[in-house]
Amino acid sequence: MSGPSPNPRRPEGTYDVLPVPHGSQPEERLAGWLALESAVRSVCARYGYQEIRPPLFEHTSLFAKSTGEVTDIVEKEMFTVPSRGEGDSYTFRPEITPGAIRLLIENRLFQQKAFWKVWYWGPNFRYERPQKGRYRQFVQMGVEAVGSHDPLLDVETMAVYAEILRLVGVMKFDVRINTMGCPACRGGYREALRAFLEPHLASYCGNCRRRFERNVLRVLDCKVPEDARRNESAPAIADQVCAGCRAHFEAVQAGLRSVGLAFAVDKKIVRGLDYYTRTVYEFASPLLGAQNALVGGGRYDTLVASMGGPDVGAVGFAAGAERVLLAMRESGRPAAGLPPPDFFAVAADEAARGEIFLAAQTMRAAGLSGDLDYERRSVKAQMRAANKTGARYAVFIGAEELARRAVKIKRMEGGDEGVMSLDEAIRVIKGETR
RNA sequence: GUACCCGUAGCUCAGCCUGGUUAGAGCACCUGGUUGUGGCCCAGGGUGUCGCGGGUUCAAAUCCCGUCGGGUACCCCA
């Protein structure tokens, strides 16, 4: 009654990564992913960060307690599934920081040493309406330096990210930083902000009135032009933090200047997650659309202890890989693809098909990369295929070569040919001869 | 959840406003251009439920309604 069943479709807000150029979405091209991931890997290694791989889902309570009960993420964006017969439900991670800290604590890594620098890369899940640079399954990479209050680490994490961006050719980005104070001084600021807002509260947007009740700081984040303009004259937390926080913030700024990383202090930055203290920062790209945040990060000096770990400071960031891919495309530097294969094996006639397959196997076993035709196509068609793969050499076996127990190889660029034993051919293709 | 835009070949799109010959272009793909050899060139090949369903009409890719899917933006963030 309902006709043919519709073709299978990917869920809303997801994308496929393909081995070939397709359409115009950069996040769908494998080459960009490989370039970005290898840049991340090499920079993190150079800075002494070690990779960790927490699971894709955690107990829901982990996020409720660390990310924050009243954040948008926890309130309406989590993919949560019941855990059969057990108390807590499971949630596919909307961010990785809570899992990373959980991993350090649960595995008693702080018993081994008090200070850890780790990085991660992998998919996250948030139930939102997708748009440019925003997906329901998206990849984040991030670093966490856990176990120190040193402001130099705030600087270092930013330097790590700046270096990753430059390595993939994204040279244009704006760095903005702010300080959120610490538990000791934030309470006083909240009161001051409430006192400022209260008289004009009626003229603020509905969202802001809600924020006023639940998380005043977020009022400063409002994008409604009128509200934003009024907020200009609001007291800034950076001006009211305690001496310790002020000294920390100044040390961070001095550090950024010393490493030559341009930045601007933006008193309106208020990160959306509950756990941030002191330094918060964002890198934004002028090349992207509305979702222009390339990274969000900052210090979270109370989170580790609140999760049952030692009372230590920590700082880190999380970056959206799809947005970096977008920025890479806008920066006009195409990602280099994989290196071309070494050979394409051609059966010059039907009788040689078995032999050509064995020759290919031998070459692969010797460390060469290459392919052959599986459709009994003409030599011409096989050569077209060879050309299309970009192979450096074509390797022929036909009646002549069978008779001489040899192969003929042809250098695709230039076209010169030669007949020799397979072992010799392997040496030539490897560049070990001449 | 709301608003606006879009859905024709593998890809990018034209055709739609002003319904009417066999639904097109470029790229991609396939075959051939004589003996076992690519690219360039030449000759040929359409590979398509015009998203889906219904309506109007003698006639619908084209007009109307609905629906599904996608995109962008608001919100929020990576």
Side-chain angles (χ1 to χ4, degrees), chain A residues 1-7 9-15 18 20-25 28 67 71-77 94-97 123-135 137-142 161 205-208 210-211 218 221-224 269-273 282-285 288-297 317-327 344 346-352 356 375 377-391 393-402 408-417:
Chain A
M1 290 293 99
S2 55
S5 62
N7 291 329
R9 291 179 166 285
R10 75 177 86 95
E12 183 173 357
T14 62
Y15 54 87
L18 310 173
V20 292
H22 194 264
S24 53
Q25 301 301 310
E28 290 187 337
T67 304
T71 57
D72 280 9
I73 289 177
V74 171
E75 278 183 342
K76 52 189 189 193
E77 297 175 0
E95 57 156 346
I96 303 185
T97 300
N124 291 270
F125 307 84
R126 293 185 198 173
Y127 195 88
E128 295 185 272
R129 290 303 297 271
Q131 64 192 64
K132 184 173 185 176
R134 174 199 280 171
Y135 295 91
Q137 176 179 324
F138 59 102
V139 171
Q140 273 193 347
M141 68 85 34
Y161 193 63
C205 71
N207 259 326
C208 282
R210 250 186 47 239
R211 293 172 178 136
R218 220 84 66 72
D221 240 356
C222 189
K223 305 269 190 336
V224 176
I269 296 183
V270 179
R271 310 252 77 243
L273 309 181
E282 287 179 4
F283 287 26
S285 168
L288 268 44
Q291 311 306 323
N292 64 353
L294 290 173
V295 72
F317 68 71
E322 292 83 2
R323 293 178 188 180
V324 179
L325 256 24
L326 243 16
F344 192 92
V346 176
D349 53 55
E350 183 62 26
I356 201 68
E375 297 166 278
R377 302 206 294 168
S378 68
V379 173
K380 183 191 188 92
Q382 291 182 64
M383 282 304 290
R384 281 182 175 154
N387 194 57
K388 219 171 303 168
T389 67
Y393 284 87
V395 178
F396 296 82
I397 297 181
E400 282 177 40
E401 291 78 15
L402 280 178
K408 176 153 71 183
I409 69 173
K410 172 176 185 171
R411 203 161 58 86
M412 294 299 282
E413 185 186 331
D416 35 307
E417 300 185 342

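Order of the sequence lines fixes the chain letters, A, B, ..., with proteins taken first and strands second; residue numbering starts at 1 for each chain. Given the structure is predicted, the values throughout are model-derived calculations rather than measurements.
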Exercise. Considering only heavy atoms and no angle criterion, is a donor-acceptor pair shorter than 3.5 Å present between the side chain of Glu417(A) and the base of U37(B)?
Worked result: yes

Exercise. From the list C30(B), C75(B), C77(B), which nucleotide is the closest neighbour of the side chain of Gln131(A)?
Worked result: C75(B)

For this session: Starting from the C-alpha separation in whole Å, work towards a yes-or-no answer on side chain to side chain contact (heavy atoms under 4.5 Å, CB included) for Phe317(A) and Gln140(A).
Result: CA-CA 10 Å; Phe317(A) 68 71; Gln140(A) 273 193 347; over 6 Å; no

Seminar exercise, completed: Value for NZ (Lys76(A)) from OG1 (Thr71(A)), rounded to nearest 0.5 Å, stands at 10.0 Å

For this session: Look at the side chain of Arg129(A) against the base of A73(B) and say whether a donor-acceptor pair falls under 3.5 Å; ignore hydrogens and angles.
Result: no

Exercise. What does Phe396(A) touch in the nucleic acid at a heavy-atom separation under 4.0 angstrom: a base, only the sugar-phosphate, or nothing?
Worked result: base

For this session: Using a 4.0 Å heavy-atom cut-off across all strands, classify Glu282(A) as base, sugar-phosphate, or nothing.
Result: nothing

Exercise. Can you list the steps and then say if Ile397(A) with Leu402(A) is a side chain to side chain contact (heavy atoms under 4.5 Å, CB included)?
Worked result: CA-CA 7 Å; Ile397(A) 297 181; Leu402(A) 280 178; 3.9 Å; yes

Exercise. Rounded to the Å, how far apart are Ile397(A) CD1 and U37(B) C1'?
Worked result: 15 Å

Problem set entry | Check: Arg323(A) and Arg134(A) side chains under 4.5 Å, non-hydrogen atoms | yes

For this session: Please determine, for U67(B), whether a Watson-Crick or G-U wobble partner exists with both distances under 3.5 Å, and give it or none.
Result: G51(B)

For this session: Would you state whether a donor and an acceptor, one from the side chain of Asn387(A) and one from the base of G38(B), lie under 3.5 Å apart?
Result: yes

For this session: Report the nucleotide, chosen from G36(B), A78(B), G38(B), that has the shortest atom-to-atom distance to any side-chain atom of Lys410(A).
Result: G38(B)

Problem set entry | Per Met383(A) side chain, nearest of listed nucleotides C30(B), C75(B), U37(B) | U37(B)

Problem set entry | Nucleotide A78(B), atom C1' - distance to CG of Leu288(A) in whole Å | 11 Å

For this session: Just name whichever nucleotide pairs with G20(B), Watson-Crick or G-U, keeping both distances under 3.5 Å, else none.
Result: C58(B)

For this session: Map Gly398(A) and Ala321(A) onto RNA chain B by nearest heavy atom, then report which one ends up closer to the 5' terminus.
Result: Gly398(A)

Exercise. Under a 4.5 Å cut-off applied to non-hydrogen side-chain atoms, are Phe344(A) and Met412(A) in contact?
Worked result: no

Exercise. Of the candidate nucleotides U37(B), C74(B), G38(B), which contains the atom at the shortest distance from the side chain of Val379(A)?
Worked result: U37(B)

Problem set entry | Proximity to the side chain of Ala290(A) - top-ranked nucleotide from A73(B), G36(B), A78(B) | A73(B)

Problem set entry | Among G36(B), G38(B), U31(B), the nucleotide that comes nearest once only the side chain of Lys380(A) is considered | G38(B)

Problem set entry | Whole-Å distance separating the OH atom of Tyr15(A) from the P atom of G71(B) | 13 Å

Exercise. Hey, is the side chain of Glu128(A) pairing donor to acceptor with the base of A78(B) inside 3.5 Å?
Worked result: yes

Problem set entry | Out of A78(B), G38(B), C75(B), whichever nucleotide has its closest atom nearest the side chain of Ala318(A) | A78(B)

Problem set entry | Pairwise C1' distance, A28(B) and C11(B) [rounded to whole Å] | 7 Å

Exercise. Do the side-chain N or O atoms of Ser378(A) get closer than 4.0 angstrom to the phosphate oxygens (OP1, OP2) of U31(B)?
Worked result: no

Exercise. How do Gly415(A) and Ala381(A) order along RNA chain B: which one's closest nucleotide is nearer the 5' end?
Worked result: Ala381(A)

For this session: Check the geometry between Phe138(A) and A78(B) and answer yes if their rings are stacked (centres below 5.5 Å, planes below 30°), otherwise no.
Result: yes

Exercise. What's the closest nucleotide to the Lys388(A) side chain, out of C77(B), C29(B), C75(B)?
Worked result: C29(B)

Seminar exercise, completed: In Watson-Crick or G-U wobble terms, with both distances under 3.5 Å, the base opposite G46(B) is none

Exercise. Which of the following nucleotides, C77(B), G36(B), G33(B), is nearest to the side chain of Arg384(A)?
Worked result: G33(B)

Exercise. What interatomic distance, in whole Å, is found between P of G69(B) and the corresponding atom of C27(B)?
Worked result: 36 Å

For this session: With P as the reference atom in both, quote the distance from A61(B) to A23(B) in angstrom, rounded to an integer.
Result: 9 Å

Problem set entry | P spacing across the pair G36(B) / C42(B), given as an integer number of angstrom | 26 Å

Exercise. C77(B) C1' sits how many Å from Gln140(A) CD, rounded?
Worked result: 9 Å

Seminar exercise, completed: By the Watson-Crick or G-U definition, both distances under 3.5 Å, G26(B) is matched with C11(B)

Exercise. G39(B) P sits how many Å from Asp416(A) CG, rounded?
Worked result: 18 Å

For this session: Could you tell me the separation between the CE atom of Met141(A) and the OH atom of Tyr161(A), rounded to the nearest 0.5 Å?
Result: 7.5 Å

Exercise. What distance, rounded to whole Å, do you find between the two C1' atoms, one in U31(B) and one in U67(B)?
Worked result: 43 Å

Exercise. Taking atom C1' in both A9(B) and A25(B), what distance in whole Å separates the two?
Worked result: 11 Å

Problem set entry | Spacing between Arg134(A) atom CZ and G70(B) atom P, to the nearest angstrom | 15 Å

Problem set entry | Rounded C1' spacing from C74(B) to A14(B) in Å | 33 Å

For this session: To the nearest Å, give me how far apart CZ (Arg10(A)) and P (G69(B)) are.
Result: 13 Å

For this session: Please determine, for A3(B), whether a Watson-Crick or G-U wobble partner exists with both distances under 3.5 Å, and give it or none.
Result: U72(B)

Exercise. Can you tell if the side chain of Phe396(A) reaches within under 4.5 Å of the side chain of Met383(A), non-hydrogen atoms only?
Worked result: yes

Problem set entry | Candidate nucleotides G36(B), G38(B), C75(B), ranked by approach to the side chain of Ala348(A) - the nearest | G36(B)

Exercise. Would Glu95(A) and Arg126(A) pass as an ion pair if we require N to O under 4.0 Å?
Worked result: no

Exercise. At under 4.0 Å between heavy atoms, what does Leu294(A) touch on the DNA or RNA strands: base, sugar-phosphate, or nothing?
Worked result: sugar-phosphate

For this session: Rounded to whole angstrom, note down the C1' distance from G45(B) over to G10(B).
Result: 16 Å

For this session: Verify, without hydrogens or angle tests, whether Gln137(A) (side chain) and Gly13(A) (backbone) share a donor-acceptor contact under 3.5 angstrom.
Result: no

Problem set entry | Arg377(A) (side chain) and C30(B) (base): donor-acceptor pair under 3.5 Å | no

Exercise. Rounding to a whole Å, what distance do you find between Asn292(A):CG and C74(B):C1'?
Worked result: 15 Å

Exercise. Within the structure shown, what part of the strands sits under 4.0 Å from Glu350(A) by heavy-atom distance: base, sugar-phosphate, or nothing?
Worked result: nothing

